[in-house]
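No hydrogens, no waters, no symmetry mates; every other heavy atom, side chains included, goes into these values. A, B, ... follow the sequence lines: proteins, then strands. Residue 1 opens every chain.
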2 protein chains.
Amino acid sequence: MQSRTPASRTGRPRSAAADTAILAATREALVDLGWSKLTLGDVATRAGVAKTTLYRRWAGKPELVCDAVAELFDELELPDRGSLAADIEGVVLQFAAILARPEAKSGLMAVVAESTRDDALRERIRASIVERQMRLVLEGRARAQRRGELPAEPDPAESARTVDLIFDVVAGAVVHRTLVSGKPADEDWVRNFTRVLLLGLTSAEPPTP
Amino acid sequence: MQSRTPASRTGRPRSAAADTAILAATREALVDLGWSKLTLGDVATRAGVAKTTLYRRWAGKPELVCDAVAELFDELELPDRGSLAADIEGVVLQFAAILARPEAKSGLMAVVAESTRDDALRERIRASIVERQMRLVLEGRARAQRRGELPAEPDPAESARTVDLIFDVVAGAVVHRTLVSGKPADEDWVRNFTRVLLLGLTSAEPPTP
DNA sequence: GGCATTACGCTACGAGTCGTAGCGAAAGCT
DNA sequence: AGCTTTCGCTACGACTCGTAGCGTAATGCC
């Protein structure tokens with residue numbers, strides 16, 4: 001996950017079971033203690049490994065929690081529900097369900113907060129968490145364009161800007177609803193949100209006089 | 001700010017200058033050290049007060065940083081720029097400018113992360129930070145309805161739901177753009193965002209066949 | 001003016017966490 | 001076999017936390 005892959009095939013290999021046990025223990029500790037009271041020593045005890053083993057694999061608490069939280073987003077999928085609106089509603093509901101879990105709530109925002117002063121951590125988050133979400137947006141958009149539900153955008157720069165905008169709006173709204181407003185992103189809310197988003201993306205532009 | 005107001009008018013009053021010095025020192029420490037390395041002892045030294053004075057006024061680091069960050073949002077205003085689109089663009093640009101400052105980046109997300117396990121802190125954030133932003137949404141919407149740019153919504157429940165949605169979309173998108181995607185919410189982005197949002201809010205709803 | 005009351009600065013303290021070093025044993029590869 | 005790397009364990013200095021205790025300063029009430 002984080003170790004160098006180079007051809008160091010000699011010596012005792014690292015226990016793969018330890019990795020999964022540590023990441024599971026990290027999520028368990030996030031639920032029980034939250035980010036601030038979570039200590040690496042406690043995680044090591046929960047995982048049944050020595051504290052030193054943890055420090056050999058992860059540089060610190062942010063990196064460990066980043067990897068532990070990232071696994072939560074592995075289950076995100078983009079099933080074909082027939083229409084763009086239904087596809088969006090499905091993915092957003094999945095995303096909201098993950099964010100509703102306490103280990104995601106406690107961990108995700110804290111790691112993002114740390115990343116504002118740590119470029120390496122920011123890149124780690126981008127690669128292991130954001131990347132996967134962004135890919136769903138790209139897939140969904142391409143599928144909708146094939147269906148003719150969204151206009152094709154020939155200019156690649158303009159297209160990239162649109163994808164970025166969609167991504168920030170969707171992910172940002174769900175996160176803000178769940179973590180800041182503290183209200184559930186339930187089916188009613190998602191339906192409303194999807195309606196507004198789709199109208200915004202598909203409506204003809206007014207002449208902006 | 002956080003002390004009880006009751007008629008305890010006897011005894012030496014708390015120094016108001018100390019409050020402002022402490023909050024300013026907190027923001028300064030946020031810039032220099034970030035959330036995780038910020039200690040109350042260091043803040044006390046920067047502010048020129050004793051560490052015990054800090055603990056007499058604030059329960060802990062999250063409460064202190066919450067108050068320090070909240071003051072950043074005092075400057076938010078809603079000038080009348082003539083049209084709803086221009087009003088939104090103005091406010092969003094103000095909001096983005098605040099979020100671009102390092103003390104806001106480091107502090108805001110960390111406090112929100114803490115609030116996921118602390119109801120009192122969540123309420124403190126709501127009252128001192130979120131409340132003010134929400135009021136701008138309400139004002140802007142009422143103004144737009146007076147101008148006829150947005151449809152009047154007679155049902156109060158439906159109206160509240162719409163306002164909540166707008167708020168989460170606007171604040172969430174800007175925060176996500178700035179802190180997660182790590183890209184600036186500049187004029188181009190804000191113009192694009194405002195266009196999509198307004199189209200979503202003003203377009204006639206399709207009959208969802 | 002004197003008195004009660006509260007805030008302040010300062011020092012010191014136990015408790016807890018951090019990240020690391022050092023050791024012997026275990027588990028692979030050639 | 002022999003070599004190499006990981007693992008579990010213990011112990012350690014350094015640091016931060018939040019609080020207690022004390023003498024002093026500033027205000028309101030009489």
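- With hydrogens and angles ignored, no donor-acceptor pair closer than 3.5 Å exists between the side chain of B:R56 and the base of D:dG18.
- Residue A:W58 contributes atom CH2, which lies 10 Å from atom P of D:dC7 at whole-angstrom precision.
- B:S159 and B:R141 share a donor-acceptor pair across their side chains, judged by distance under 3.5 Å alone.
- At whole-Å resolution of the value, CG in A:L33 and P in C:dG16 are 15 Å apart.
- In this structure, CG of A:D42 is placed 9 Å from P of C:dT17, rounded to the nearest angstrom.
- Distance, A:K37 NZ to D:dC17 P: 15 Å, rounded to whole Å.
- Residues satisfying the salt bridge (charged side-chain N to carboxylate O under 4.0 Å, His left out) test with B:K183, not counting sequence neighbours, are A:D164.
- Shown here is A:E131, whose CD atom has more than 12 heavy atoms of other residues, nucleotides or ligands within 6.0 Å.
- A:L38 has its CG atom 15 Å from the C1' atom of C:dG16, to the nearest Å.
- Nearest to the side-chain atoms of B:K51 among the listed nucleotides D:dC17, D:dC7, C:dG19 stands D:dC17.
- Between A:F95 and A:F73, the ring planes are tilted. Angles from 30° to 60° get that label.
- No side-chain donor-acceptor contact under 3.5 Å links B:E149 and B:T202.
- Within the 4.0 Å cut-off from OP1 or OP2 of C:dA4, not a single side-chain nitrogen or oxygen of B:T10 is found.
- Take the nearest nucleotide of DNA chain D for B:T52 and for B:R12: the residue whose nucleotide is more 5' is B:T52.
- Atom CZ of B:R14 and atom C1' of D:dA25 are 16 Å apart (whole Å).
- Checking D:dG8, C:dG9, C:dT17 against the side-chain heavy atoms of A:T39 singles out C:dT17 as nearest.
- Candidate nucleotides D:dT27, C:dC18, D:dT19 were compared by shortest atom distance to the side chain of B:Y55, and D:dT19 ranks first.
- Between the P atom of D:dG18 and the CG atom of B:L64 lies a distance of 11 Å, rounded to the nearest Å.
- Nucleotide D:dC17 holds its P atom 11 Å from the CG atom of B:L54, rounded to whole Å.
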